[in-house]
2 protein chains.
Amino acid sequence: MREEEDIFVEFLRKKNLRLTPQREKILQVFLKTNQHLTVEELYNLIKKRNSDIGQATVFRTLKLLCAAGIAKEVELGDKKIRFEHKYGHPHHDHLVCIECGRFIEVVDVNIEKLQNALCEKFEFLPKRHKLEIFGVCKKCRAISDREGNVFA
Amino acid sequence: MREEEDIFVEFLRKKNLRLTPQREKILQVFLKTNQHLTVEELYNLIKKRNSDIGQATVFRTLKLLCAAGIAKEVELGDKKIRFEHKYGHPHHDHLVCIECGRFIEVVDVNIEKLQNALCEKFEFLPKRHKLEIFGVCKKCRAISDREGNVFA
DNA sequence: GCGAAATTGAATTTCAATTTCAATTATTAA
DNA sequence: TTAATAATTGAAATTGAAATTCAATTTCGC
């Protein structure tokens, strides 16, 4: 929390930008949730909590947070841009449940190694990658079982 | 070519839909390109070639082709929906060049195996996945070298 | 305090995706 | 063949999220 704020302040300073109450608030609320929210969802969350900050400001601040390395854009199947924490939150992939929408963050160094080997084979210089596995999570599988889903 | 057309005809028949000249044309042009085109790009291609088919029809036909298992939606970084061939074109991942936009289609059974193992660990039932590696392709790396790109 | 620069947020614009709807075309039943 | 029925088309309109505009406001440096 504190650390992210420091990074943000430093980032803003370098760019001759200002840490405003709105930006501070948006960062706080953003950091407090571990979900992957869209601009609109974060905007609604902030409005509910108390503050009255415009959607444009939320939008712009999230972009700033990305530029500062604190947030990161992701898309999880639906066609909306979502934002996740980046700082202190190293690279990972997602197992996305197509029933409940929840996701599991995973890393597998062996997969990453094979990916790099694959790139090498094509003399392709990898910069970043995105792996999403869509399926049914443990919890939803249990529900299907209980309900005797004939398709499962 | 012929095969895809047969599949499409059969698909349409089952759904009580019709094979119109427009749909036939769209399928032909779609199959002739190996790129991953957006609706608009395919629409422009068709217009250039000769025909005068509306964008709505291209859009709807591509959706039909997806439903028929002939086409498949993909997104490659930019935020547009693109369509690739699906029939006779088994699952694969993409190495996407961030310089020239070209992509390489790849498969690595070992990666897939590790993915399945990973899912098992979380009791997650995988249905499909999407792996995209963004980086610089061989050709573009050569260009950077030639130009003495100090950042490369 | 003053002026320059940055910020805000409501409203607007953008842009691709999608839908509407009236006109057209094809199919079916009589 | 014709009339009724159903599907198709495409121009135009709509949608919805992303991004921008701009006048009003706030903040900063002096």
Side-chain angles (χ1 to χ4, degrees), chain A residues 8-30 36-68 71-84, chain B residues 8-30 36-47 49-68 71-84 101:
Chain A
F8 195 34
V9 169
E10 179 58 17
F11 170 84
L12 294 173
R13 204 191 48 71
K14 267 193 201 147
K15 299 250 179 191
N16 278 320
L17 302 175
R18 294 165 190 164
L19 180 64
T20 61
Q22 288 94 332
R23 286 177 180 169
E24 211 171 349
K25 185 79 194 168
I26 291 165
L27 175 57
Q28 280 172 17
V29 177
F30 172 70
H36 293 31
L37 301 178
T38 63
V39 169
E40 210 193 352
E41 288 166 352
L42 186 59
Y43 165 70
N44 287 327
L45 198 57
I46 288 168
K47 205 164 52 176
K48 240 183 270 171
R49 271 164 185 267
N50 40 45
S51 311
D52 189 28
I53 298 174
Q55 199 162 325
T57 303
V58 175
F59 170 80
R60 283 181 290 223
T61 302
L62 278 169
K63 289 288 182 187
L64 285 177
L65 291 175
C66 287
K72 188 183 168 208
E73 296 190 359
V74 291
E75 320 152 46
L76 301 177
D78 58 0
K79 279 146 195 172
K80 291 180 196 165
I81 299 178
R82 298 176 172 278
F83 295 84
E84 67 174 18
Chain B
F8 194 34
V9 170
E10 179 58 18
F11 171 83
L12 293 173
R13 205 192 48 70
K14 267 194 201 146
K15 299 251 179 190
N16 279 319
L17 302 175
R18 295 165 190 166
L19 180 65
T20 62
Q22 288 93 331
R23 286 175 180 169
E24 212 170 350
K25 185 80 196 165
I26 291 164
L27 175 58
Q28 280 171 15
V29 177
F30 172 70
H36 293 31
L37 301 179
T38 63
V39 169
E40 209 194 353
E41 288 165 350
L42 185 59
Y43 165 70
N44 287 327
L45 198 57
I46 288 167
K47 203 164 51 176
R49 272 165 184 267
N50 40 44
S51 312
D52 191 28
I53 299 174
Q55 200 162 326
T57 303
V58 175
F59 169 79
R60 282 180 291 223
T61 302
L62 279 169
K63 290 287 182 188
L64 284 177
L65 291 175
C66 287
K72 187 182 169 209
E73 296 190 359
V74 290
E75 320 153 44
L76 300 178
D78 59 358
K79 281 145 196 173
K80 291 179 194 163
I81 299 178
R82 299 177 172 278
F83 294 84
E84 66 174 20

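Letters A, B, ... are given to chains in the order of the sequence lines, protein chains preceding strands, and every chain is numbered from 1. Everything quoted here is computed from the prediction, not taken from an experiment.
Toward the 5′ end of DNA chain D lies the nearest nucleotide of B:A56, the other residue of the pair A:E40 and B:A56 mapping further downstream. Heavy-atom nearest nucleotides on DNA chain C were determined for B:K79 and for A:Y43, and the one closer to the 5' end corresponds to A:Y43. Place A:R18 and B:Q55 on DNA chain C by their nearest nucleotides, and A:R18 ends up nearer the 5' end.
Between A:F59 atom CZ and C:dT13 atom C1' there is a gap of 13 Å when expressed in whole angstrom units. At whole-Å resolution of the value, NZ in B:K15 and P in C:dT27 are 19 Å apart.
Backbone-only engagement by A:T20 is indicated by non-hydrogen atom pairs under 4.0 Å involving sugar-phosphate atoms exclusively. B:K63 comes within 4.0 angstrom of sugar-phosphate atoms only, judged by non-hydrogen atoms across all strands, and of no base. Residue contacts for A:Q22: at a heavy-atom cut-off of 4.0 Å it reaches the sugar-phosphate backbone alone, with no base atom in range. Residue-level contact check: B:R23 touches the backbone only, with heavy atoms under 4.0 Å from sugar-phosphate atoms and none from bases.
Salt bridge status for A:K63 with A:E73: present, with a side-chain N to carboxylate O gap under 4.0 Å.
One finds the OG1 atom of B:T61 at 13.5 Å from the OH atom of B:Y43 (value rounded to the nearest 0.5 Å). To the nearest 0.5 angstrom, B:T38 atom OG1 is 9.5 Å from B:L62 atom CG. Taken to the nearest 0.5 Å, the NZ atom of B:K80 stands 13.0 Å off from the CD atom of B:E75. Once rounded to the nearest 0.5 Å, the distance linking CG of B:L17 with CZ of B:F11 reads 7.0 Å. A:I26 CD1 to A:L42 CG: the interatomic distance, rounded to the nearest 0.5 Å, is 7.0 Å.
Read 5' to 3', the first and last nucleotides of DNA chain D with an atom closer than 4.0 Å to a heavy atom of chain B are D:dA6 to D:dA11.
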